[in-house]
Engineer: 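Before we start, here is the structure in question, set down as structure tokens.
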Amino acid sequence: MKKTICTACCLLWIAMMVAAPIDVKDFGAKGDGTTLDSHAINAAIEACAERGGGTVNLSAGTYLSGSIHLKSNVELHLEAGATIVATEEAGAYDPSENFGFPEYQDGGHTYFHNSLIWAEGQTNVSITGRGTIDGRGLTRRDTENAGNVQGGSIGMGDKAIALKLCRNVLIRDITIFRGGHFAIIITGCEYANIDNVFIDTNRDGIDIDCCKHVTVSNTKVNTPHDDALVLKSSYALKKPVTCENILITNCTVTGYKLGTALDGTYVPETVNWVCGRIKLGTESNGGYRNITISNCTCIYSSGLAFEEVDQGTMENIVVTGISMNHVHHYPIYITTGCRNRGPKERTDVSAARDISISNVVAVDCDSLSGILVTGMPGHPVENIRLSNISLRFRGGVTRTVSTDYPELGTKYPEPAKFLGTCPAYGLFARHVKGLYLSDVTFMLDSPDSRPCILTDDVEDVRMREVRTPEGD
């Protein structure tokens, strides 16, 4: 009987030991902020993967690091007080993949291995904990313009977290500060959850490219110089892949100065390009399908931008429960174009249809443009529904604005850069088939010389309970 009990106890002890988290310090990591710890962290991850998986733990400390390689069935856990700092040391990052110059998308979407934390083709990958990733040594430049091509290296990492062709991904509770070109990019991944993440960064926050079944929830992203939450469908997988079945919910995007969201001072940033915002595009070879965006807050940021310009189809998009304050450039922008950044033999035409936006309140909106809905001549966007929307604009445009508003055509889809001031302050629609407005209110803080609503080549317009300032 004693022998049986002892055997059972031994088996239990062995099982507990096998399942116990692996501490990177047991593999030589110092966590002192000066020793390069990436070799030790990678050794711990490799050992965890070899035993079948589990947790690799970083206790409180500062871990200077180059490239970290995530493996299947391994959870990289950063305890509160643990910080991974991207080193500025040349050669500490893996060289980028050796398959030539990116033909249809920038290097940030093409190369992954030159990142701080990366994985390719892995399953059950997790990054969790209340610790921080500080991308101090990461570049914010487009790496194809910095010599990082043909398998080369510029000596700096490009992105904080880069996952390609992974399945069952979890990123939860971490903080990312100055994340490089992208704080998080996932490309060609399926079944991913990004939850309760805080990002304060100098380029894009989260890019979800060519992915399926992804949820981003309870996440705060501050991006004063670029986009916050972005869906894309680039040609990075060497074919058009639809980005589909995506949920973004209970998130906040802002455009405060870098670091001031993190330290709680919230200093507004003034930019001439974009800041913050939730966006579809611009890379859009495969299009977007079945996208839901709900219960989000946008502060000191550009508005919602849904852009299909690379021959894909954008369809079945539902947006509801959005609040905006200090809106940069426009509150809502839906467009198709013919930039066609893809193989020249493709004959597809960009398309957008079945988009519903409801329950939106926006105040202090830029006078550049109101709601902008534009298709292409002969190829209208279809079935656009706008309901229960209240928009308050700064107004104040007193000069005459030409109603001959430029077509987007092959241009980059950014009105502030290529199209100029919109001829209507509230809503401009062109090349649309099926535009339905219900319970929509437009307000002005200052008088504006432009009409509130202007349409051109729009078929089947229905408006119910649409309110404009007196005299419009």
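Quick note: residue numbers are just sequence positions, from 1. Excluded from the calculations below are hydrogen atoms, water molecules and symmetry mates; all remaining heavy atoms, backbone and side chain alike, are included.
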Engineer: Salt bridge or not between Glu414 and Arg277? Use side-chain N to carboxylate O under 4.0 Å.
Structural biologist: yes
Engineer: What I want to check is whether the side chains of Asp134 and Thr132 have a donor and an acceptor closer together than 3.5 Å.
Structural biologist: no
Engineer: Are any non-hydrogen side-chain atoms of Thr292 and Thr249 less than 4.5 angstrom apart?
Structural biologist: no
Engineer: Does any non-hydrogen side-chain atom of Leu170 lie less than 4.5 Å from one of Val125?
Structural biologist: no
Engineer: Mind checking whether Tyr93 and Leu116 have side chains closer than 4.5 Å, heavy atoms only?
Structural biologist: yes
Engineer: Considering non-hydrogen atoms only, spot the tightest contact between Tyr405 and Pro423 and give its length.
Structural biologist: CD1-CD, 3.4 Å
Engineer: Do Lys159 and Phe112 form a cation-pi contact, if we require the NZ or CZ to be under 6.0 Å from the six-membered ring centre and within 45 degrees of the ring's axis?
Structural biologist: yes
Engineer: Would you check if there is a donor-acceptor pair between the side chains of His431 and Asp456 at a distance under 3.5 Å?
Structural biologist: no
Engineer: Could you check whether Asn196 and Asp173, counting side-chain N and O atoms only, form a donor-acceptor pair closer than 3.5 Å?
Structural biologist: yes
Engineer: Look at Arg346 together with Asp348 and state whether they make a salt bridge at an N to O cut-off of under 4.0 Å.
Structural biologist: yes
Engineer: Taking the inter-plane angle between the rings of His109 and Phe182 on a 0 to 90° scale, is it parallel (under 30°), tilted (30 to 60°) or perpendicular (over 60°)?
Structural biologist: tilted
Engineer: Without swapping roles, check the side chain of Asp207 against the backbone of Ile185 for a donor-acceptor pair under 3.5 Å.
Structural biologist: no
Engineer: Taking 4.0 angstrom as the limit, do Asp310 and Arg341 come out as a salt bridge?
Structural biologist: no
Engineer: Would you call the rings of Phe418 and Tyr412 parallel, tilted or perpendicular, taking 30° and 60° as the class edges?
Structural biologist: tilted
Engineer: Within the distance-only criterion (no hydrogens, no angle test), does the side chain of Arg203 pair as donor or acceptor with the backbone N or O of Arg140 below 3.5 angstrom?
Structural biologist: yes
Engineer: Taking atom types as modelled and ignoring hydrogens, do the side chains of Glu75 and Thr128 form a donor-acceptor contact shorter than 3.5 angstrom?
Structural biologist: yes
Engineer: If you measure from the Lys or Arg side-chain nitrogens to the Asp or Glu carboxylate oxygens, is any gap between Arg394 and Asp364 under 4.0 Å?
Structural biologist: yes
Engineer: Checking salt bridge (charged side-chain N to carboxylate O under 4.0 Å, His left out) between Lys232 and each of Asp209, Asp204, Asp106, which is the one that passes?
Structural biologist: Asp204
Engineer: Going by side chain to side chain contact (heavy atoms under 4.5 Å, CB included), Ile133 matches just one of Ile68, Leu78, Thr175. Which one?
Structural biologist: Leu78
Engineer: Are the side chain of Tyr104 and the backbone of Asn340 linked by a donor-acceptor contact shorter than 3.5 Å?
Structural biologist: no
Engineer: Do side-chain atoms of Ser402 reach the backbone of Asp404 as a donor and acceptor pair under 3.5 angstrom?
Structural biologist: yes
Engineer: Looking only at side-chain N and O atoms, does Tyr436 offer a donor or acceptor that is under 3.5 Å from a partner on Asn383?
Structural biologist: no
Engineer: If we count only N and O atoms by modelled type, under 3.5 Å, do the side chains of Asn316 and Asn290 hold a donor and an acceptor together?
Structural biologist: yes
Engineer: Please determine whether the number of non-hydrogen atoms from other residues, nucleotides or ligands lying under 6.0 Å from atom NZ of Lys411 exceeds 12.
Structural biologist: yes
Engineer: Closer than 3.5 angstrom, by distance alone: can the side chain of Thr410 be matched with the main-chain N or O of Arg339 as a donor-acceptor pair?
Structural biologist: no
Engineer: Determine the minimum heavy-atom distance between Leu231 and Cys243, stating which atoms define it.
Structural biologist: CB-SG, 4.4 Å
Engineer: Hey, are Asp439 and Arg467 close enough for a salt bridge, meaning a charged N less than 4.0 Å from a carboxylate O?
Structural biologist: yes
Engineer: Counting neighbours of CG on Asp263 that are heavy atoms of other residues, nucleotides or ligands and sit closer than 6.0 Å, is the number greater than 12?
Structural biologist: yes
Engineer: Within a strict 4.5 Å, meaning less than it, do heavy atoms of the Asn222 and Pro224 side chains meet?
Structural biologist: yes
Engineer: Considering only NZ, NE, NH1 and NH2 on the basic side and carboxylate oxygens on the acidic side, decide whether Asp195 and Arg172 come within less than 4.0 Å.
Structural biologist: yes
Engineer: For the residue pair Leu280 and Ile317, establish whether any side-chain heavy-atom pair is separated by less than 4.5 Å.
Structural biologist: yes
Engineer: Examine the side chains of Glu308 and Ser284 and answer whether a donor and an acceptor come within less than 3.5 Å of each other.
Structural biologist: yes
Engineer: For Thr320, is there any backbone N or O sitting under 3.5 Å from a side-chain donor or acceptor partner on Ser294?
Structural biologist: no
Engineer: Identify whether the distance between the nearest side-chain nitrogen and carboxylate oxygen of Arg430 and Asp457 falls below 4.0 Å.
Structural biologist: no
Engineer: Do Thr374 and Thr335 have side-chain N/O donor and acceptor atoms under 3.5 Å apart?
Structural biologist: yes
Engineer: Has Trp118 got a side-chain atom pairing as donor or acceptor with His113's backbone, closer than 3.5 angstrom?
Structural biologist: yes
Engineer: Less than 3.5 Å apart, any donor N or O on the side chain of Arg399 or Thr421 sitting next to an acceptor on the other?
Structural biologist: yes
